[in-house]
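Here's the structure we're looking at; comments come further down.
For ligands, and for the atoms within them, numbers begin at 1 and follow the listed sequence. One is the number of the first residue; the rest follow in order along the sequence.
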Amino acid sequence: MNLPARHRALAVAGLALAGLLAGAVPAATAAEQAAVAAPDIPVANVKQHLADLQSIANANGGNRAHGRSGYRASIDFVKAKLDAAGYTTTLQQFTYNGSTGYNLIADRPGGDPDQVIMAGSHLDSVTAGPGINDNGSGSAAILETALAVARTGYQPAKHLRFGWWGAEELGLVGSKYYVNNLSSTERAKIKGYLNFDMIASPNPGYFVYDDDPTIEKTFKDYFAGLGIPTEIETEGDGRSDHAPFKNAGIPVGGLFTGADYTKTSAQAQKWGGTAGQAFDRCYHSSCDTTANINDTALDRNSDAIAHAIWTLTSGTTTPPAGKVFENTTDVAIPDNGAAVTTSVNVTGITGNAPGNLAVGVDIVHTWRGDLVVDLVAPDGTVYNLKPFSSSDSADNVQTTYTVDASSETANGTWKLRVQDRATYDTGYINGFKLTFP
Ligand code: TRP
Ligand code: ZN
Ligand code: CA
């Protein structure tokens, strides 16, 4: 006689491990990948963007300043890369000092439109030089982060937006224009603004803005994980494009490696570099070239930016696109009874099924150990996905199994077969999905 399922667990606990090991290996589904770690941002790619910005300055009189041809060329360069990566880009024009200025806004399609996380950097230089640390560095790092979002298929749960500001060097002109021209509704949707202005100074410090506590902690956690001490940014609060956002009541944060202030001996001890020397001796001068970049700082800060964006937008990564065949018709599973099936009809695939056929199983049940779950190929071959287990008292079978189905013809009717082999607990098949890569 069968005992009610809830009372059987202890009697056969010793069999549990063997039972668990016998099944196919469940792979995480997209929905299970709730906290997706940010990718490593390749610093070589960021440096290539800096080399390109240097070339733009070289070809345009040595700078990328507001109202000069090098600024417009910088905007066009960044915009082309974002357009190719699927961003929705907007060029916002303003006039300052009798010249046309531009902000570039790039929206990642998707995410909650009422919760916007934004990252920005000024793209203009002073007229004295090419502005590679100030602020090619921030501009290139957020560009590469934006491209990494596209490359990895990351889908932020919050809406993600990037901004490249014009005429920062003339008094935060572009970012003020952007914030002033937002309707109060649009302004209220921006839940965080992250600013990156000078993040690869040649004698770097690791400074974190201390404005919004959540954003600040996100950055500090990242550096703590690397064992790198940080300090609060104090070299002139409000000296960059986060100021207009902050003044509008938007939570802000950011990173900075130092401008014309001098590195103290205490700072040189914790970060290396040269005490008694400016963080950036080429600040606002002609020597702010690709030679004026500390690669380690650029690398760490680029990764920290990605970490913050991934963390603050909390999204998922979609598995590589494949052909999906799905059946979501409910099928009741009789208690301790005959096997039932649900099926999908696979068509349009040449040759055999893959060695990594993704089998999505969604079964609602009050004691899943009762269930034996099989995949049945079109020719009747059976692949056991999950064995019976008297001790697995958890609810539901909701996972994706990976099956080597490479000896099966892909096209035809594939079945999910489920049998309940013990009395008391019951359930139903809620869905069955095959994904061919
Ligand atoms: N925004 C300044 C510039 O571009 C640089 C700067 C000085 C800065 N102090 C700062 C940037 C503090 C961010 C935070 O010339
Ligand atoms: Zn700057
Ligand atoms: Ca049962």
Side-chain angles (χ1 to χ4, degrees), residues 49-50 53-54 57 63-68 70-71 74-75 78 96 101 103-104 118-143 163-179 193-212 215-216 219 230-247 252-264 267 278-290 292-294 297-298 301 304-305 308:
H49 303 322
L50 292 179
L53 291 172
Q54 177 76 58
N63 68 65
R64 303 181 300 100
H66 169 73
R68 308 295 182 93
Y71 183 70
S74 299
I75 283 280
V78 175
Y96 188 74
N103 293 326
L104 174 65
M118 191 166 186
S121 293
H122 76 83
L123 187 57
D124 65 314
S125 71
V126 292
T127 53
I132 299 303
N133 183 39
D134 182 14
N135 182 32
S137 62
S139 294
I142 67 167
L143 171 59
W164 285 262
W165 311 121
E168 186 271 354
E169 299 290 4
L170 303 175
L172 319 180
V173 178
S175 54
K176 280 180 185 164
Y177 185 85
Y178 175 77
V179 173
Y193 171 73
L194 313 179
N195 193 62
F196 305 101
D197 183 0
M198 305 182 73
I199 60 161
S201 303
N203 185 26
Y206 292 89
F207 298 101
V208 177
Y209 302 4
D210 73 333
D211 296 289
D212 178 69
I215 299 173
E216 181 183 346
F219 286 125
T230 59
E231 287 186 15
I232 299 307
E233 187 285 304
T234 54
E235 197 172 333
D237 214 8
R239 270 179 71 182
S240 191
D241 299 297
H242 55 296
F245 288 86
K246 185 177 178 174
N247 293 338
V252 304
L255 299 173
F256 179 55
T257 50
D260 47 358
Y261 281 27
T262 302
K263 187 179 262 187
T264 66
Q267 289 172 328
F279 295 103
D280 183 357
R281 288 195 291 178
C282 289
Y283 176 62
H284 284 185
S285 55
S286 59
C287 60
D288 186 8
T289 65
T290 49
N292 192 44
I293 291 292
N294 181 287
L298 185 67
N301 283 328
I305 292 169

Distance alone, cut at 3.5 Å: any donor-acceptor contact between the side chains of [X] and [Y]?
| X | Y | answer |
| --- | --- | --- |
| Y209 | N195 | yes |
| E169 | H284 | yes |
| D197 | S240 | yes |
| N292 | D280 | yes |
| S139 | S121 | no |

Does ligand 1 have an atom under 4.0 Å from some heavy atom of H242? no
Are Y209 and ligand 1 in contact, using a heavy-atom cut-off of under 4.0 Å? yes
Which ligand 1 atoms does M198 reach within 4.0 Å, using its non-hydrogen atoms? 5 (C)
Numbering the atoms of ligand 1 from 1, which are under 4.0 Å from a heavy atom of S240? 1 (N), 11 (C), 13 (C)
Around atom 10 (C) of ligand 1, find the nearest protein heavy atom and jot down its residue, atom name and distance. E235 O, 3.3 Å
Looking only at protein heavy atoms, which one is nearest to atom 8 (C) of ligand 1, and how far off is it? F256 CE1, 3.5 Å
Compare R239, E233, E169 and give the one whose heavy atom is closest to atom 14 (C) of ligand 1. E233
Validation row: N63, P130 side chains within 4.5 angstrom (heavy atoms): no
Go through the steps for L170 and Y96 under the test side chain to side chain contact (heavy atoms under 4.5 Å, CB included), then give the verdict. CA-CA 9 Å; L170 303 175; Y96 188 74; 3.7 Å; yes
May I ask you to say whether K246 pairs ionically with D211, meaning some side-chain N is under 4.0 Å from a carboxylate O? yes
Residue and atom names of protein N/O/S atoms that fall under 2.8 Å from the Zn ion (ligand 2): H122 NE2, D134 OD1, D197 OD1, D197 OD2
Please check if the side chain of K263 supplies one atom and the backbone of G205 the other of a donor-acceptor pair under 3.5 Å. no
